[in-house]
Amino acid sequence: MSRFTLGLIAGLCLVLVASASYGAGAVEGAVSKQATNWTAIWMFLAFVCVTMGITYWAAKRTTSTKDYYAAGGGISGFQNGVAIAGDYMSAASFLGISALCYGSGFDGLIYSIGFLVGWPIIMFLMAEPLRNLGRFTFADVVSYRMQPLPMRAMAATGTLVVVAFYLIAQMVGAGQLIQLLFGLDYWIAVVIVGILMIIYVTFGGMLATTWVQIIKAVLLLCGATVIAVLVLNQFNWNISTLLARAVQVHPKHDAILRPDGQVSNVISAFSLGTALMFGTAGLPHILMRFFTVADAKEARKSVFWATTFIGYFYILTFVIGFGAITLVLTNPQYVDPSGALIGGSNMAAVHLAHAVGGNILLGFISAVAFATILAVVSGLTLSGASAVSHDLYASVFRHGRVAEGMEVRVSKITTLVLGVVAIILGIVFEKINVAFMVGLAFAIACSANFPVLLLSMYWKGLTTWGAFVGGFVGLISAVAGTVFSPSIWTALLGLPNPPFPYVSPALFSMPLSFLVCFVVSLLDRSRTARLEAQAFEAQYVRSQTGIGIEEAATH
Amino acid sequence: MDDQMAARIRANPRFIELERKRKRFAWTLTIIMLVIYYGFLALVAFAPNWMGASFIGSVTIGFPVGIAVILSAIILTGIYVVRANGEFDRMSHQIVEYQNMEFRPKRGGYR
C-alpha cells in the first residue's frame, strides 16, 4: 500500500505542477488573471503528504469492521468534537457564509446562527441514546426494535440522498475554488479531489478520516483567526469603526447592518431556519461520528467542543465578511470594473487573506480551503459507503449473515463507486449554486431522517410502517417542495408562478413527516406493531443507561 | 438485555428518578433554545428596523443579539454536559452496579 500511495502522490504532484504551468493560460476570462499560486500548491502538497502518512498509519491499525466504520470507538470526546467541527466547517460554510456577509452583511449572521443552534438540540435529545443504541450508522438505532429490512432500506435511502446532494455541492465548490487558486482546469481539480478522497477512505477508514478532519479543522481555525486578527488590527480593534467603514463603501450602505432581503418573507425565514436547525440532527455523516467515541460521556463532551469551535468559527467568519467589504471591495486588484469579485462572490475570504497577509496567507488559506473540501467529502463518502455496505448489503440483502471482511470489502468497493460518481456529478453540475444544494441537503435531512430517528428513540408507539411511510413522505415532500420552489421552478426551469413560493420546504415537510409517522403508527394494529411496542422498554433502558453496549475499544 | 431485566431496571426507583430528572432537564433546555432561536427569527422577520437601530456607535442592536444567541447555544450545551457527566452519570453507574450486584448470573443463571 505504501508504494502504491507514494506512486499516487508522485503522480498527483506531476499532474498539479504540469497543469499549473501549462494549463494556467488556458483558463479564460477573469480567472486567467490569477497567477499560479506556488505557495498554495506547496502547502497543499505538504498537507497531502502528511495526511497520506496518517492514512498509511491508520491502514495498519484498521483490521476489524469496527475499526473501519468507527475507528474502533477509541476517539476521545475532545478529538471527536474537533473532528465534528471539521465536518461541519465545510468550504461551503467558510467561503459561503463569509461571501454572504460580504454581499448582504447582517443576513450572513442569520445563516451562521441557524447552522449552530442545531447542536444544543443534538446534545439534549440525541447524543446519548444515539451512542447507547447504535454501532456504525444511525440506521442501527432506527432498526433497533423494528423490522430491519424496511427500516434500513429507508435509512439508507435517506443517507444516500443527503450525501449525494451534499457531495455534489462540495465537489462543485472544490472545482471552482481550485480552478481559481491553482490555475487548474475545473475537471482536473474535481478528479484530484475524488482520487485523494478514495485513498483516504478505502485505506484508512474512519480513523484516517477522523485525523484528516482534525488536522484540517485546526488549520482552518488558525487561518480564520489570523485573518480576523489582522482585520481587527487595521481598525484598532474597534468594531464600530470597521462597521462604519463598511457602510460607507458597500453599495447597500446601512442596509448591511440590519436584517434585509434574503429572509424578508416571514414564512421563508422560519422555514429556512427550521431546515438549518433540525437538518444538522439528521445529517448521516455527523450522526456517524457519535459511534467513534467510547461512551455517552465522551459523546456529550464531543458535542460541547464541537459547538464551541463552530460558534467561535462563525463569529470569525462574520468579521472576515465585513473585513472583506472594507478591504477587498474597495481594491481594484480584487474587483473587476463592473464591481464583481474576481473569481466569483465565493472568493471574498480568499481575497481578504491576500489583502491582509500577502501571498503567504493567501497560499495558506487556499491550501486549507482545498484540504477542507477533501476532508468533508471523505466523511460524506464514508457515511454513504457504510449505508450501502452495513445497511443495504449486510442487513437487507444478506440478513446479517456476512463475514466481517466481506462487509468492509463491499464498503471499499462502494467508496470507489461513490468517488467515481461524485467526480462525474461534480463535472455535470458545474454551474449549480453550491449554497442551494447544501440547503436542500439540510431540508431533506430534517424531513426524512430526523423525525424517524427522534420518534424511534422516544416514542413507544412508533411502528415500522409508521416510520417507513413517514420517512419517505418527508423525503419526497422535501424534494418536491424544493423542485416547486422559485429557486428551481423559476430560476432553473424558467417556468412562471412557482407552485411552492418559499425558499425552503422544511417548515411544512418536517411536521408532515412527524404527522404521518404518528397517524400510520396509530393505525397499525398488526402483531409486529405490538411486539415493537413491547420491545421499547428494553431499548429505552439501554438508551438511558448504556447497559448492554459492547465494551468500546475492545482490543 | 432481556425483557425481565429491562422491567426490573424500569422499576428501580433510582432509574425512575434519573429518567424523570434528565427528561425534565433536557426538555427544559431544548425549549429555552427553541424560544431563543425562534425569538431571534421573529425579530429578524418582524422587527428588522429595531435590529438596525444603533447600539454603540455604528454597531446596531442586531449584532449583540446575534452574538448572544451564539453564546447561549454554547453555554446551554456546557450546562447540560456538566450536569449529565456529573450527577446523571453517577446515578446511572449506581443503577448498573446495583443491577450487577443483585442479579449477577449465578450458577445456571438467574432465570
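Quick caveat: nothing in here was measured; it's all calculated off a predicted structure. Numbered from 1 within each chain, the chains take letters A, B, ... in sequence-line order.
Neither the backbone nor the side chain of B/F55 has a heavy atom closer than 4.5 Å to any heavy atom of chain A. Residue contact with chain B, scored on non-hydrogen atoms closer than 4.5 Å, involves the backbone and the side chain of A/T274 alike. Using a 4.5 Å cut-off between heavy atoms, A/F115 makes no contact with chain B at all. Proximity to chain A involves both the backbone and the side chain of B/S58, based on heavy atoms less than 4.5 angstrom apart. Proximity to chain B is absent for every atom of A/F309, based on heavy atoms less than 4.5 angstrom apart. Contacts between B/A53 and chain A at a heavy-atom distance below 4.5 Å are absent for every atom of the residue.
The choice from B/L76, B/N85, B/L41 that makes the most heavy-atom pairs within less than 4.5 Å of chain A is B/N85. Ranked by heavy-atom pairs under 4.5 Å with chain A, the list B/I95, B/I56, B/L71, B/L34 is led by B/L34.
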Tell me, with the steps shown, if A/E128 and B/Y80 meet side chain to side chain contact (heavy atoms under 4.5 Å, CB included). CA-CA 12 Å; A/E128 175 151 6; B/Y80 184 82; 3.9 Å; yes

Should A/Q544 and B/I9 be marked as a side chain to side chain contact (heavy atoms under 4.5 Å, CB included) after you check the CA-CA gap, both sets of side-chain angles, and the distance that decides it? CA-CA 11 Å; A/Q544 293 290 308; B/I9 298 175; over 6 Å; no

Chi angles and distances behind the side chain to side chain contact (heavy atoms under 4.5 Å, CB included) call for B/I70, A/Y312: CA-CA 9 Å; B/I70 292 181; A/Y312 170 68; over 6 Å; no

Assess whether side chain to side chain contact (heavy atoms under 4.5 Å, CB included) is satisfied between A/M123 and B/V81, documenting all intermediate values. CA-CA 8 Å; A/M123 169 72 104; B/V81 173; 2.8 Å; yes

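Put simply, the side chain of B/Y37 gets close to the backbone of A/G273: a donor and an acceptor are under 3.5 Å apart. Checking side-chain atoms of B/T60 against main-chain N and O of A/L257 turns up a donor-acceptor pair under 3.5 Å.
Checked against the 6.0 Å centroid threshold, B/F63 and A/F106 count as a close aromatic pair.
Closest heavy-atom contact between B/F46 and A/V266: CZ-CG1, 3.6 Å. When all heavy atoms of A/A538 and B/A6 are compared, the closest pair comes out as CA-CB, 3.5 Å.
Counting heavy atoms of neighbouring residues, nucleotides and ligands inside a 6.0 Å radius, atom OH of B/Y38 exceeds 12 of them.
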